[in-house]
J.: 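Quick one: the structure is below, questions incoming.
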Amino acid sequence: MNVESTAALKACMPADYKSDVKPVWCPGCGDYSVLLAMQKAFAELGTPPEKIALITGIGCSSRIASYTTCYGFHGVHGRALALGTGVKVARPDLTVVVAGGDGDGFSIGGNHFLHACRRNPDLTYIVMDNQVYGMTKGQPSPTTDPEWQSALAPGGTGIRPFHPLVIALASGANFVARCFSGDPNGTAQTLVEAIRHPGFSFVQILSPCVTFRPEQKEWRKVVHPAPVEATDDPARAARRIMSDDNFNIGILYRGSRPPYRPKQSETKIAVADLEREFAT
Amino acid sequence: MNVESTAALKACMPADYKSDVKPVWCPGCGDYSVLLAMQKAFAELGTPPEKIALITGIGCSSRIASYTTCYGFHGVHGRALALGTGVKVARPDLTVVVAGGDGDGFSIGGNHFLHACRRNPDLTYIVMDNQVYGMTKGQPSPTTDPEWQSALAPGGTGIRPFHPLVIALASGANFVARCFSGDPNGTAQTLVEAIRHPGFSFVQILSPCVTFRPEQKEWRKVVHPAPVEATDDPARAARRIMSDDNFNIGILYRGSRPPYRPKQSETKIAVADLEREFAT
Amino acid sequence: MPAKSQQGAQSVSVALVGSGGAGVMTAGTILLDAAAKAGWYGLMTRSVGPQIRGGESAALLRLSTTPVECHGDSFDVLIAVDWQNFTRFAKEVPLSAHSVVLADPAAGAPPATVVDIGLQIIDVPMQEILKKVAGGRPNMLALGLAAAVLGVPDDIVTKVVERRLGKKGGEALESSLQSVQAGRAAAPALDGRFTLAPAADATATRWLMSGNQAAGLGALRGGVRFVAAYPITPATEVLEWMAPRLTKLGGALVQAEDELASINMIIGASFGGVPSLTATSGPGYSLMAESIGLAVAAEVPIVVVNVMRGGPSTGIATKSEQADLNIAVYGLHGDAPHVVVAPTSIGDCAVTSQWAVHLAEKLQTPAIVLSDQFLGQAQAVLSPPVDTGEGPDRLINAAPQAPAARYEVTESGVSPMTIPGVAGGQYISESLTHNIRGRPSTLADDHLAQIEKRQRKLSTFDYGERWADIDGDGPIAIISWGSCCAPIREAISRLNGGGKDLRLISLRLISPVQPERMAEALNGVKRALIIEQSHSGQLYRYLRAYYDLPKDTQCYHRPGPLAFTPGEIRDQIARMQ
Amino acid sequence: MPAKSQQGAQSVSVALVGSGGAGVMTAGTILLDAAAKAGWYGLMTRSVGPQIRGGESAALLRLSTTPVECHGDSFDVLIAVDWQNFTRFAKEVPLSAHSVVLADPAAGAPPATVVDIGLQIIDVPMQEILKKVAGGRPNMLALGLAAAVLGVPDDIVTKVVERRLGKKGGEALESSLQSVQAGRAAAPALDGRFTLAPAADATATRWLMSGNQAAGLGALRGGVRFVAAYPITPATEVLEWMAPRLTKLGGALVQAEDELASINMIIGASFGGVPSLTATSGPGYSLMAESIGLAVAAEVPIVVVNVMRGGPSTGIATKSEQADLNIAVYGLHGDAPHVVVAPTSIGDCAVTSQWAVHLAEKLQTPAIVLSDQFLGQAQAVLSPPVDTGEGPDRLINAAPQAPAARYEVTESGVSPMTIPGVAGGQYISESLTHNIRGRPSTLADDHLAQIEKRQRKLSTFDYGERWADIDGDGPIAIISWGSCCAPIREAISRLNGGGKDLRLISLRLISPVQPERMAEALNGVKRALIIEQSHSGQLYRYLRAYYDLPKDTQCYHRPGPLAFTPGEIRDQIARMQ
Ligand SMILES: Cc1ncc(C[n+]2csc(CCOP(=O)(O)OP(=O)(O)O)c2C)c(N)n1
Ligand SMILES: Cc1ncc(C[n+]2csc(CCOP(=O)(O)OP(=O)(O)O)c2C)c(N)n1
Ligand code: SF4
Ligand code: SF4
Ligand SMILES: [Mg+2]
Ligand SMILES: [Mg+2]
């Protein structure tokens, strides 16, 4: 079946979003389930693949675009949010989803994360957080706990982990959620809401790296639904998140800031009209 | 008098930290008072100028290093914190002060700000915040209010301002304060405490740009001392800062995280000892 | 010494100097504007000190009966409101024994370096005079002096003052006009020595614009509708000019958090189908290098304007140099061919940037526009640069057949592109080495096929005659680029017999190289002289690497910040002749 | 076909292929280690598929009686545990009619491309055999097969297996050893065709190391005590090797948030007086460009190791290419001269990086070490690279007289530096154009003086003989660099008469250029051939720009990912001869 050319004509199914490329991921990698959740979410939204731009950086997780049938961009390390912002501003009609890893998004890409939250373009940012650099074979990322041993940081980094959700809230993200890849249905549902929510939606997905952080297989046992409903008060959301156990799953904040749209003047002109100003 | 070579021999005076270079700043620029406050603070600390490394980026404010008699680095735009971290890790004996503007620190330098807070090296970071790019003649910075008119953003940016103190707290800064350049004595006192405090100390100094934001001359009338004492609870500090009027002056947070020091092994070896591992 | 005929001088140079910020610049702009209205051509540059505001500054003007884009060897007239810090920029205001200085004795004695030249110094008691004008303005008095000396008609100056200062309101305008008149009245009789002759084509349309504005205009003409950028001297005016105009054209400008973001934003927007541009200078350009390489590999059209300033590092932000040629041509990791073009004059900034948009889109590649601070920030009165009519002629596959082969190997090397939103055209724009479908590949064959394709599309494209401007056909060739071209043109025209043994090749297409066209352009050439404003001779080395130059090829090169003068270049050429 | 004498072959190539991740790599490493202990030299590279883990992989070994740093034209022996995805890397394992394949028929038929070669295929029922070994391991069986075919002594293999796998504990070790023995027992008799002759200097010291480790060692020898970096393939091992060792030497490694931070951290540390280094690859290097320019302008010594991979953009992270020469030499804005060096062999990574530290410190400038993925990630058994004894010989002003003239114009071009903490030596390390005291300046004279000084210190320094390795003195010169040198050396030695008409210039100092030394090295040369692994011929163009090459100079260049083979190069040379 030729999925790509017929997708627009019929109700979308999750399979319509899956490409024929075999993932490079290790067997058991959490990212397989994120891919599945994404497909389900797109199908539920009913947005045909050609109307979706899936923009990623570099890392195991950032390979995800290739495994879908959407338009995609596999850019350079750390710049996916800037790419995605450009796509959205130029093409407000597209559904823009930006995705990547914790290294890509919070280490090299940290500045764009801050400023995308602040700028609030209408797109959804998904970080597959495995608390490690998978692609480069196991170095600590900003979300790695300070004691974790690795060749590059023998004895651990000793550095306090970065708290993506708190930073997102503090910088102005308009929708904040945490998911677990082991629950693709719940994740899909959250993604649907994130994409529908206007403005910058940030979704952290705990997605185990079975190769370099095999202990993350245990996450399945410790994740649990957030005990309370999402709030629209950023301060309250921040307080809750700061005091939770980092395994609280669910939508944690829904804001109502209007999304970013560059100013447009009422009166439209032609380029030739500009020439007059130079006449002497 | 040859200040530089005799400084170490006698009690330090503020004037000992002032170089013979005429500032490029506009008459009335708030940065003059920051320079004065810095000199007073150094004198009070009694640290001779040669033991201080003053590291800056690019911008009007970043010119400050030249106007002191300390060792200094006027680097490239946005990278002062990385330079300063390198100096401190390599030379823990030096007093490292990093300084710059809101554009330098929060726009292009935002990622280093996040990660310096998190990493917590024992240095003090001073941002002279005038909510504008002074050096490049008046473009909006991350702290500019969304309605401010400028050639580059006609009608305003429409973007929510960046909240430096909240971000600093959320990312782990160990000391957080806000000062006003119009109060050089108070600022000097805060700087003394910031420099003495172990770990990463962040001091935002409201410092008017009289040329591109002449309305900031009014700041003098609206600043006021923080109504309560500094807390050591980051969540409480964040809540207070989020709800204050942005003109609350004083030390707002004092943390107790141990400063960053790279791991050192007990056993020291020589390079030649390493060669053995390659022998077959 | 200005060429003087019965009809007056062909061109006159005037420097207005004085501290206190924008004063002399305003006077200079009015003078330039008035000269344009009176039918002359002209050029104005500014020299500023390190002070952010209120430091010393100088408005450096040259007015002429024919188009002019460089200063002369020395200034004919210097009007000094005061001498504060004059020595800091004295080298930018060369004077000769034929120059005349008008200065206020109350502002102190002229610097010894000026007096020693042995020129004529005329006292004009400016402060004294202005005491009699309510709210009198020294800069407007200087304007009046200059207008009188040059013979710029009174009514035109008045009209321009009214238009430009009108918004300041009644009293301020009144005192400005009175100050101008006071200046006129105080102007010494100089035997009409510096009076300009009427322009030949006095009624032709003239535009007053800077190169940065021209670059912005060219980009909009070419079809750019999205800009993301981070401010930097001396490129900011490109952006500040474009920002409000883009919103009126239905486009947008985003001020990014840094250059890493701005370059990626424009890549994203262009992937989305909208022709996009950023403008920056050396430090910002460096930061963009990684992602310009992304645009090469993923074949996304983008335009990057680099208005070069003094380097290395932060260098001299406010002065010109041509030392970013290396990084523009060679500064990407891996084999990453792309387009580099350079305007050959202030007005040509429009033509070249329009062409850059066209080439970027047509060849699905980054096109770098290497302008420089002189071209970018100089204000000139010039003939309107033509709209070439070239637009964003991207090869689009509007009715794609799945599976999409985004990176199809074609004869031209250009692969048809699909635009997001179009069903059946989905593909991944890929930074990894990939096959024709955009799938990551590490195979030698795929790698070679795509690398060759990207080189081929650049090498085989027909760039037409615009690759260089060629003047003359003598046996000595001068090869140059950017803001060097204007003083070279003038030097040649000054040489005996109009420099008949000379041939000037002003390069507009820097990369890819055009060996056949160059061979043709050098046909019959015995000796060549390459002229450029860099310490290491970047253009010379680059040409040597890729072209067969005449055996006897020399290079005259030095760094900024001082612009080349026609005399300096004439001396170099004379040495060759 | 391996050269075969009564004493056995001079060198033998073995490929161990099979899916399932690290299995064959472990076997290969043990084989290499055992061969070293037995007195041979050797090389091992790996080929991996796109899969992060568990995909296909191949351990490609060559063992030899003399030092060896490239693979042969084809592999003598291929041992296939299975054929999964073999076609993906088949080009990296060239086979000939003389090759022998040992494969398990149960793992499926060999691919047609292999069968079609017409080589000898010997069935070894590996799975069958392993059924009899408790916990039997196919990779260890392959090891046993290879050891038997090559004649690597049993006891040595056992010892290495014990040492390397000992920590896995009793049972696992036991089954490994039994698998090895089972492999030995199953090995076919091949008339000793692939048995290695004893090495000439079998008792000499041998080291087993990769180029990345060697680069780390050289840096530590040179005095580096601070490293800041961001992980990137294929440079990460430089960092991972250095990290724990730096802490033992009293130094430190900081993992930075990105390359912008890492380059600035090392600049800061070096300003503080501590010799500092970072290691990266193309994408990271691009990001560092702006701040490398800062180190040039502010004259701060730093070392940047770029382990080149396939480009442009993200390209092919795991494969070699030599296409970052342009960016390394030319990739900074403004005129920003600096040092670029390149190791000429795996072991030379140590010598060259030690030299780089020395040059950076001595000349107060960035020194770029251009290694490549092949050199960096290949494991070799080699003669220990010498410690040159060169350390960080920075010109320090320990007793400064205020006011400090940090950027004093000296004859050598090197200005004495003061180190923070020392009274009277305070200065500002300045990115703006500055005068001798480090004060910002926009004066033409200051700009020129500092630009000239920075060029002079590089141009006039005596780099000694180490600028290039020169072998032979024939009239045909081959000029090359990096990992190309090994196959060229082998190609020359294979040519009739030992290639007496050839002369090999292996460049170690890429920049600054050495025109006099090159002229001397080319004395008597009639024709030259430049060999490099880039599509655009970057080395050729660079040499052409700066050197006077023989009139008849050709260039053989192609991109990665496949390494050059001696045969491929011999053909090119033969065409010249
Ligand atoms: C500029 C640059 N620096 C470094 C790298 C190397 N690199 C590739 S992926 C990666 C980190 C991946 O970590 P993460 O984003 O967490 O993704 P994961 O693999 O864990 O899914 C790094 C450092 C690169 N490709 N580009
Ligand atoms: C990489 C780079 N981009 C842009 C610039 C231009 N630039 C110089 S200073 C500056 C902003 C200054 O603003 P801020 O840091 O707030 O300092 P202020 O002048 O207001 O004190 C900019 C954008 C630069 N020097 N380098
Ligand atoms: S290395 Fe980790 S993150 Fe990467 S594919 Fe394997 S399991 Fe997933
Ligand atoms: S432009 Fe503003 S910030 Fe800069 S020196 Fe002037 S007043 Fe100060
Ligand atoms: Mg990760
Ligand atoms: Mg500012």
Side-chain angles (χ1 to χ4, degrees), chain A residues 21-29 31 56-63 66 73-79 102-113 130 132-142 144 146 148-159 162 209-212 214, chain D residues 19-22 48-56 84-85 88 212-213 216 227-248 252-262 279-284 286-288 309 311-315 317-318 377:
Chain A
V21 180
K22 180 172 178 261
V24 300
W25 294 323
C26 309
C29 176
D31 296 347
T56 68
I58 297 290
C60 298
S61 40
S62 290
R63 290 294 190 105
S66 266
F73 209 127
H74 189 218
V76 295
H77 190 41
R79 313 294 164 209
D102 42 319
D104 193 74
F106 309 141
S107 195
I108 192 168
N111 204 29
H112 311 305
F113 182 51
N130 55 11
V132 76
Y133 289 10
M135 188 61 122
T136 49
K137 310 217 178 297
Q139 297 80 28
S141 89
T144 303
W148 186 67
Q149 284 280 356
S150 63
L152 201 56
T157 61
I159 300 174
F162 177 85
C209 172
V210 296
T211 297
F212 297 107
Chain D
S19 61
V48 288
Q51 248 51 30
I52 310 296
R53 197 196 63 196
E56 71 278 10
Q84 201 175 304
N85 290 322
R88 281 235 188 105
N212 279 344
Q213 292 172 335
V227 173
Y230 190 72
I232 187 166
T233 308
T236 313
E237 298 96 7
V238 176
L239 309 167
E240 291 187 336
W241 185 85
M242 293 185 87
R245 288 158 185 88
L246 271 167
T247 66
K248 290 188 191 146
L253 180 144
V254 176
Q255 180 182 333
E257 54 271 31
D258 59 19
E259 287 87 351
L260 305 159
S262 56
T280 187
S281 189
S286 296
L287 288 174
M288 294 179 184
R309 63 192 222 183
S313 200
T314 313
T318 54
Q377 294 196 315

J.: In Å, rounded to the nearest 0.5 Å, how long is the span from OG1 of A/T136 to CD of D/E240?
T.: 8.0 Å
J.: Would you find a donor on one side and an acceptor on the other, under 3.5 Å apart, between the side chain of D/Q51 and the backbone of A/P23?
T.: yes
J.: With a 4.5 Å limit on heavy-atom distance, are the side chains of D/Y230 and A/H77 in contact?
T.: yes
J.: Can you say whether D/A256 sits under 4.5 Å from chain A via the side chain, the backbone, both, or neither, judging by heavy atoms?
T.: backbone
J.: Does any backbone or side-chain atom of D/P244 lie under 4.5 Å from a heavy atom of chain A? Answer side chain, backbone, both or neither.
T.: both
J.: Can you measure from OG1 (D/T236) to NZ (A/K137) and round to the nearest 0.5 angstrom?
T.: 9.5 Å
J.: With a 4.5 angstrom heavy-atom cut-off, could you sort out which part of D/I232 is near chain A: side chain, backbone, both or neither?
T.: backbone
J.: For each of D/D258, D/L260, D/I52, tally heavy-atom pairs with chain A at distances under 4.5 Å, and name the one with the top tally.
T.: D/I52
J.: Non-hydrogen atoms of chain A under 4.5 Å away: do they reach the side chain of D/L239, the backbone, both or neither?
T.: both
J.: Sort out for me which of A/P140, A/S141, A/C60 touches chain D most, counting heavy-atom pairs under 4.5 Å.
T.: A/P140
J.: Could you report the tightest heavy-atom contact between D/R53 and A/V210, atom names first, then the distance?
T.: NH1-O, 4.4 Å
J.: Over all heavy atoms of both residues, which pair between D/E259 and A/I108 is shortest? Give the atoms and the distance, please.
T.: OE1-CD1, 3.5 Å
J.: How close do D/P231 and A/L152 get, heavy atom to heavy atom, and via which atoms?
T.: CG-CD2, 4.0 Å
J.: Which value, rounded to the nearest 0.5 Å, describes the distance between D/Q255 atom CD and A/Y133 atom OH?
T.: 5.0 Å
